[in-house]
Engineer: 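After the structure tokens below, expect a handful of questions from me.
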Amino acid sequence: LNRASEIGSATTSSVAPTALPARREGAAPAAAAPVSEAPAAAAAPPEEEDDIAPLSDPYIDTPLCTTCNECTNLNGKLFAYNTNKQAVIADPAAGTYRELVIAAEKCPVRIIHPGQPKNPDEPELEALIARAKAFN
């Protein structure tokens, strides 16, 4: 048992000096960290652009749906239930942007996101876009 203790302490003591210089050397990579942050910052804007693109399409946070029927009663072709009886957007072309915004406003759990309008000629479009901001 004493030999094991001596071996364990010898190993620990030999590891400790090795660990200290490694920590001291850690300061050098910290100086290099801003260099690695610069490329990450340069890469961030393209990712942000990718994140913005999906928001143009309407979507529903389907797993949070409570099956209240508000959206399906509004337009049963635009909105439908999946096999779990939770709402999905069945056919975005089957309804108007107005219907998407109204459904988002009526949804009790606020999980309908109208996205951006597809028809630039839809009546009262500016007002609908303003109303949809709260849900996108």
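When a residue number appears, it is its place in the shown sequence, counting from 1.
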Engineer: Looking only at atom types and distance, does a side-chain atom of N119 sit under 3.5 Å from a main-chain N or O of T96, one as donor and one as acceptor?
Structural biologist: no

Engineer: Could you tell me whether the side chain of N69 and the main chain of N73 form a donor-acceptor pair under 3.5 Å?
Structural biologist: no

Engineer: Apply salt bridge (charged side-chain N to carboxylate O under 4.0 Å, His left out) to R131 and list each qualifying residue two or more places apart in sequence or on a separate chain.
Structural biologist: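 Testing R131 for salt bridge (charged side-chain N to carboxylate O under 4.0 Å, His left out), a comparison that skips the adjacent residues, returns E105.
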
Engineer: What's the shortest heavy-atom distance between E99 and L74, and which atoms?
Structural biologist: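 Shortest heavy-atom contact: O-CD2, 3.2 Å.
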
Engineer: Does atom NZ (K118) have a neighbourhood of more than 12 heavy atoms from anything else shown, all under 6.0 Å?
Structural biologist: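 Check passes, neighbour count above 12.
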
Engineer: Ignoring hydrogens, what is the shortest heavy-atom contact between P114 and A132? Give both atom names and the distance.
Structural biologist: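 Residues P114 and A132, closest heavy atoms: CG-CB, 4.0 Å.
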
Engineer: Might you point out which heavy atoms bring A87 and T62 nearest each other, and give the distance in Å?
Structural biologist: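 Closest approach of A87 to T62: O-OG1, 2.8 Å.
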
Engineer: Ignoring hydrogens and geometry, is there a side-chain-to-backbone donor-acceptor pair from E70 to C107 under 3.5 Å?
Structural biologist: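 Not confirmed, E70 side chain does not pair with C107 backbone.
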
Engineer: Salt bridge or not for E122 and R98, using N-O below 4.0 Å?
Structural biologist: no

Engineer: Which other residues belong to the hydrophobic cluster containing V109, where Ile, Leu, Val, Met, Phe, Trp and Tyr are joined when side-chain heavy atoms lie under 4.5 Å apart, directly or via other members?
Structural biologist: I60, L64, L78, F79, I89, Y97, L100, V101, I111, I112, L125, L128, I129

Engineer: Is there a donor-acceptor pair closer than 3.5 Å between any side-chain N or O of S56 and the backbone N or O of G115?
Structural biologist: no

Engineer: So which heavy atom on Q86 is nearest to which on P63, and how close?
Structural biologist: NE2-O, 3.1 Å

Engineer: Is there a donor-acceptor pair closer than 3.5 Å between any side-chain N or O of H113 and the backbone N or O of F135?
Structural biologist: yes

